[in-house]
Amino acid sequence: MIERRLKTIPNSRLRRPGAGQTNELATMLSNKVVGQPAAMNAIIPYIQMHQAGLSPDGRPLGVFLLLGPTGTGKTKTVEALAEVLHGNPKNLLRVDCGEFQLEHETAKLVGAPPGYLGHRETQPMLNQQKINSVASERSNVSLILFDEIEKAAPSMTRLLLGILDKATLRLGDNNVVNFEKTLIFLTSNLGAAAMNKELNPNLGFESMVPRDSEDMIAKIERIGLAAVRRCFSPEFINRIDSVISYHPLSADSLVVILEHQLAELQTLIKSRLGIRAFEFHLTKPARSFLLRRGTSSEYGARELKRTLHRHLIQPLAALISEGRIAPGTQLRVEFDESHKGLTFRESRRELLDHAC
């Protein structure tokens with residue numbers, strides 16, 4: 001009897017889109033978003049509820065507010081989820097809230113009502129067609145990202161009240177958009193300045209006191225939640241399923257992120273250069289140099305990415321454009337103490353160049 005009833009449930013509800021068991025989702029996301037296990041643990045149960053067919057009707061599948069300093073992986077989380085669910089990190093509907101700082105600009109989300117200038121010419125950003133377009137054959141879940149929600153005008157949060165509570169939005173042409181098959185993410189840097197001050201006290205006795213990591217994480221969470229309560233109304237906060245605080249990345253997390261970025265760069269070289277592709281290998285001192293230059297509690301992983309561009313990718317691009325790297329070369333990247341930079345050397349051949 002149980003077996004017969006299970007057969008009536010669609011496979012997409014029993015299996016993770018893209019095949020494999022549901023518990024693999026946590027591993028895949030953790031590999032893509034490093035150093036934020038609490039965020040993964042908060043999001044995955046809502047996906048499991050949908051796959052099991054137990055998500056409540058008349059609401060989005062999940063509404064998440066992602067808080068924390070810049071460069072800690074908030075936007076990366078949504079992109080990684082899109083890649084796992086749909087096979088493409090760009091398969092999401094992103095609303096940059098910095099474009100909606102004036103009250104009247106919110107009308108771009110729902111479109112002009114009949115009788116107003118531009119009613120037929122302007123398409124609302126949140127129509128049903130656009131939401132359905134970011135789903136896929138692998139998963140019917142649409143991911144919607146409201147990036148830096150604190151920058152939007154108050155009319156934006158008022159507009160979101162109905163979406164977050166009833167999963168519906170009435171457009172200017174009186175059509176109703178359904179959000180029941182969506183995961184909605186709101187990112188925010190609220191409290192980031194206070195968090196950075198807590199992380200990097202530069203005056204007084206406090207800067208000399210050793211910092212306890214668990215106590216620091218708790219303080220950051222309290223700072224973020226206090227900032228959210230000051231910025232948003234209780235009725236808006238009450239419609240959010242989970243407020244997730246992102247913590248500053250540890251040294252071990254940055255090591256893993258660097259390895260991921262180096263692997264992505266190698267894949268990019270092979271896919272873009274084709275038969276002209278080559279392989280590179282960084283020595284341990286070279287990796288340590290990039291980590292020293294790219295470690296920043298204020299800017300997070302973004303500083304590491306900028307360091308990689310300046311000291312590795314740009315010099316490599318110069319060597320490629322000058323035709324100084326032969327196809328199939330095994331390139332060794334070393335740290336030169338005298339020049340305080342990276343050097344590039346082909347295996348069993350002369351030194352090629354110095355990085356800036």
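Atoms considered below: every heavy atom in the structure, side chains included; atoms not considered: hydrogens, waters and symmetry mates.
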State plainly whether the residues [X] and [Y] are in salt-bridge range, i.e. N to O under 4.0 Å.
{"X": "Lys90", "Y": "Glu79", "answer": "no"}
{"X": "Glu148", "Y": "Lys151", "answer": "yes"}
{"X": "Glu103", "Y": "Arg158", "answer": "yes"}
{"X": "Lys32", "Y": "Glu83", "answer": "yes"}

Does either side chain, that of [X] or that of [Y], offer a donor lying less than 3.5 Å from an acceptor on the other one?
{"X": "Ser136", "Y": "Ser139", "value": "no"}
{"X": "Lys74", "Y": "Asn189", "value": "yes"}
{"X": "Asn31", "Y": "His260", "value": "no"}
{"X": "Thr77", "Y": "Tyr246", "value": "yes"}
{"X": "Glu334", "Y": "Thr283", "value": "no"}
{"X": "Thr187", "Y": "Asp147", "value": "yes"}

Is a side-chain N or O of [X] found less than 3.5 angstrom from the main chain of [Y], in a donor-acceptor match?
{"X": "Ser142", "Y": "Ile131", "value": "yes"}
{"X": "Ser30", "Y": "Thr27", "value": "no"}
{"X": "Thr329", "Y": "Ile325", "value": "no"}

Discussion item. Could you walk me through whether Leu54 and His50 satisfy the side-chain contact (heavy atoms from CB on, under 4.5 Å) test, starting with their C-alpha distance in whole Å, then the side-chain angles of each, then the deciding distance to 0.1 Å, before giving a yes or no?
Written reply: CA-CA 6 Å; Leu54 300 180; His50 169 61; over 6 Å; no
[atom1]/[X]: more than 12 non-hydrogen atoms of other groups inside 6.0 Å:
{"X": "Arg306", "atom1": "CZ", "result": "yes"}
{"X": "Arg292", "atom1": "CZ", "result": "yes"}
{"X": "Lys130", "atom1": "NZ", "result": "yes"}

Distance from [X] atom [atom1] to [Y] atom [atom2], nearest 0.5 Å?
{"X": "Leu254", "Y": "Gln261", "atom1": "CG", "atom2": "CD", "answer": "9.0 Å"}
{"X": "Leu126", "Y": "Leu159", "atom1": "CG", "atom2": "CG", "answer": "7.0 Å"}
{"X": "Glu235", "Y": "Leu164", "atom1": "CD", "atom2": "CG", "answer": "11.0 Å"}

Fill in: Stacked cation flag Lys108 on Phe100, 6.0 angstrom / 45 deg
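Relative to the ring axis of Phe100, which defines the angle, Lys108 lies inside both limits.
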Worksheet item: Under the ring-ring contact (aromatic ring centres under 6.0 Å, His included) test, which residues partner Phe185, sequence neighbours left out?
Response: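 If we apply the ring-ring contact (aromatic ring centres under 6.0 Å, His included) test to Phe185, skipping adjacent residues, the hits are Phe64.
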Worksheet item: For Phe280, what residues pass the ring-ring contact (aromatic ring centres under 6.0 Å, His included) criterion, not counting sequence neighbours?
Response: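 ring-ring contact (aromatic ring centres under 6.0 Å, His included) check on Phe280 returns nothing, list empty.
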